[in-house]
Visitor: 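Here you go, one structure.
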Protein chains: 2
Amino acid sequence: MRAADAVSTTTGYLLLKLATLAEARMEQTLRPFRLRGRTLRVLAFVDGGEVSQRDLCRQTGLDRTTMVAVIDELEAHGFVRRDRSLSDRRKQVISITEAGRRTLGEALAALRHTEDDFLAPLDPDGRRQLHRLLSALFAAHDPRCQPDEPPEPGER
Amino acid sequence: MRAADAVSTTTGYLLLKLATLAEARMEQTLRPFRLRGRTLRVLAFVDGGEVSQRDLCRQTGLDRTTMVAVIDELEAHGFVRRDRSLSDRRKQVISITEAGRRTLGEALAALRHTEDDFLAPLDPDGRRQLHRLLSALFAAHDPRCQPDEPPEPGER
DNA sequence: CACTGATCGTCAGTTAGGCTGACGATCAGC
DNA sequence: GCTGATCGTCAGCCTAACTGACGATCAGTG
């Protein structure tokens with residue numbers, strides 16, 4: 001077996017390539033809605049209720065300065081509103097607008113359709129299997145539910 | 001179900017996140033070998049025999065100017081050699097060096113180890129299933145074996 | 001009350017990645 | 001010998017993302 005094939009048939013490489021392909025389709029699907037992967041994701045979190053930008057950073061893992069740009073973009077399209085918090089005037093209260101909620105719903109529906117399309121080559125059972133396996137693997141690697149050993153006293 | 005969860009539990013999102021995690025580990029594994037994902041991949045193709053940079057572009061899908069940088073990097077570390085082709089003096093003949101071949105072998109072995117580690121949360125059967133499903137999905141979406149409809153006469 | 005340290009959002013500046021366009025050198029066909 | 005195409009190279013641009021600094025604000029202290 002050639003070395004090039006040894007790389008190309010790796011599970012990790014397949015994962016990477018498929019993710020790239022899927023991402024491109026997702027971005028393409030979102031374009032008509034004036035959304036991108038990250039902005040949709042943030043918008044979905046805003047839909048949960050009023051939050052500060054800092055909250056969104058913690059929830060999405062995005063950088064604080066990147067979040068400024070994402071909110072700017074969402075605000076420019078009228079999907080969210082920025083208001084100073086009354087209780088803590090350092091914070092911005094981000095809330096979803098009616099247009100934002102509607103667009104979010106439509107975008108999610110379109111995204112589901114695109115994903116179905118992308119997974120169509122697999123039979124329904126295969127799709128379930130894939131989702132199950134990816135979920136299990138993700139849960140095992142997700143830093144938020146890392147089964148980290150009890151912190152040692154001398155550790156920093 | 002909250003909109004945020006509707007996004008996070010998507011197969012496409014899981015794919016993307018897992019690919020990101022896997023890629024980070026791969027890059028980390030390759031660092032001691034002075035290789036990166038792309039450079040390793042190119043090196044693997046060079047190992048197949050003497051090729052021109054253009055050939056490598058076609059095989060890997062990288063841009064021609066990006067390839068210059070990749071070869072530069074590989075050459076700087078002594079993994080490949082650049083020679084003018086005798087039959088076509090426009091072309092550079094890229095050939096792997098002894099150090100390149102040795103490093104490639106070691107890096108591939110390390111990569112296999114990292115991947116096993118990454119997939120460890122799944123049982124052996126689950127790992128096989130995952131690889132099978134990803135392979136099938138990739139084959140269906142790979143542009144190189146696209147089952148494109150016969151080109152219509154009036155099409156451009 | 002003033003003072004100190006921390007937090008939040010913002011912006012400027014830097015870095016890295018990749019691409020476009022142009023170039024010289026070379027080839028193939030006429 | 002011309003003409004058009006190909007190969008590798010480089011300069012320049014664009015995007016994404018992060019670092020560091022900043023003003024505004026808060027909480028806690030004396």
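Convention: sequence-line order gives letters A, B, ...; per-chain numbering from 1. Values below: all heavy atoms of this structure, side chains included; hydrogens, waters and symmetry mates excluded.
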Visitor: Distance-only check: which donor-acceptor pairs under 3.5 Å involve side-chain atoms of residues 60-68 of chain B, not counting sequence neighbours?
Guide:
unit_1 : atom_1 : unit_2 : atom_2 : d
B:T60  : OG1    : B:L56  : O      : 2.7
B:T60  : OG1    : B:L62  : N      : 3.4
B:D63  : OD2    : B:T65  : N      : 3.0
B:D63  : OD2    : B:T65  : OG1    : 3.2

Visitor: Does the side chain of A:Q129 come under 3.5 Å of the side chain of A:R132 through a donor N or O and an acceptor N or O?
Guide: yes
Visitor: Starting at the 5' end of DNA chain D, which residue's closest nucleotide do you reach first, A:R36 or A:S85?
Guide: A:R36
Visitor: Output yes when A:D117 and A:R25 qualify as a salt bridge under the 4.0 Å nitrogen-oxygen rule, no when they do not.
Guide: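 Yes.
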Visitor: Would B:D88 and B:S85 count as having a side-chain donor-acceptor pair, cut-off 3.5 Å?
Guide: no
Visitor: Spell out, as yes or no, whether a donor-acceptor pair under 3.5 Å connects the side chain of B:T97 to the backbone of B:F79.
Guide: yes
Visitor: Do NZ/NE/NH1/NH2 and the carboxylate oxygens of B:R127 and B:D125 come within less than 4.0 Å?
Guide: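 Here B:R127 does not pair with B:D125 in a salt bridge, since their nearest N and O are not under 4.0 Å apart.
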Visitor: Going 5' to 3' through nucleotides 1-10 of chain C, assign each nucleotide B (protein heavy atom under 4.0 Å from a base atom), S (under 4.0 Å only from sugar-phosphate atoms) or - (no protein heavy atom that close).
Guide: ------BSSB
Visitor: Rounded to the nearest angstrom, tell me the gap between atom CG in B:L86 and atom P in C:dT26.
Guide: 13 Å
Visitor: Does the pair A:R112/A:E115 count as a salt bridge with the N-to-O cut at 4.0 Å?
Guide: no
Visitor: Please report the interatomic distance CG(B:L35) to CG(B:L104), rounded to the nearest 0.5 Å.
Guide: 8.0 Å
Visitor: Which of residues 23-33 of chain B sit near DNA chain C, with a heavy atom under 4.0 Å from it?
Guide: none
